[in-house]
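Worksheet: the structure to be examined is printed underneath.
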Amino acid sequence: MTYKEFEANMLAHAVGQARLLAQASCLEDIKIEPEQLRRNVATILAVLTETEEFLFDLVNNRSGSDS
């Protein structure tokens, strides 16, 4: 397994966890404090930003190596 494959796997797990965190934040039968909700959103945003950067780098590296 290459480093990029490992990083892709870890980001996939992180995105899955962010998805679960988002779903848990929307459950109507639990009460989430505003500060905890803010932290959840910040975590989700960080994961999505990291994933976006990874995909951007991956596309740029592949398109650069194809020329």
Side-chain angles (χ1 to χ4, degrees):
M1 174 181 286
T2 67
Y3 176 75
K4 282 293 183 190
E5 290 171 334
F6 174 77
E7 188 176 15
N9 282 335
M10 292 302 100
L11 284 173
H13 289 299
V15 169
Q17 292 298 317
R19 181 175 153 255
L20 291 174
L21 188 57
Q23 289 174 341
S25 297
C26 294
L27 294 176
E28 293 180 11
D29 58 339
I30 62 169
K31 175 121 173 108
I32 298 178
E33 296 296 323
E35 180 60 23
Q36 183 60 49
L37 186 58
R38 185 196 67 74
R39 282 190 240 134
N40 290 0
V41 170
T43 300
I44 293 165
L45 185 58
V47 167
L48 294 178
T49 300
E50 183 70 25
T51 303
E52 183 181 42
E53 290 172 2
F54 171 77
L55 293 173
F56 183 75
D57 289 343
L58 189 64
V59 166
N60 283 340
N61 289 338
R62 288 215 174 157
S63 64
S65 65
D66 289 342
S67 0

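Because the structure is predicted, anything quoted here is derived from the model rather than measured.
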Practice item. Please round to the nearest 0.5 Å and tell me the distance separating atom CG of N9 and atom CE of M1. Key: 4.5 Å
Point to revise | CD1 on I44 to CZ on R39, rounded to 0.5 Å | key: 13.5 Å
Review point. Would a 4.5 Å heavy-atom cut-off, applied to side chains only, mark E7 and E50 as touching?
Key: yes
Check your understanding: Quick one: do M10 and F54 end up in the same hydrophobic cluster if we chain Ile, Leu, Val, Met, Phe, Trp and Tyr together by side-chain heavy atoms under 4.5 Å apart?
Key -> no
Practice item. Check the side chains of Q36 and N40 for a donor-acceptor pair under 3.5 angstrom, ignoring hydrogens and angles. Key: yes
Exercise for review: Assess whether atom CZ of R19 is packed by more than 12 heavy atoms of other residues, nucleotides or ligands within 6.0 Å.
Suggested key: no
Revision key, fill the gap. What one should report as the nearest heavy-atom pair of S25 and L37 is CB-CD1, 3.7 Å
Point to revise | Side-chain touch L48/E52, heavy atoms, less than 4.5 angstrom | key: no
Exercise for review: Drop me the distance from T43's OG1 to Q17's CD, to the nearest 0.5 angstrom.
Suggested key: 11.5 Å
Exercise for review: Give a yes or no on whether V59 and L55 share a hydrophobic cluster (residues Ile, Leu, Val, Met, Phe, Trp, Tyr; joining criterion: side-chain heavy atoms under 4.5 Å apart).
Suggested key: no
Revision key, fill the gap. OG1 (T49) and CG (L45) are apart, to the nearest 0.5 Å, by 4.0 Å
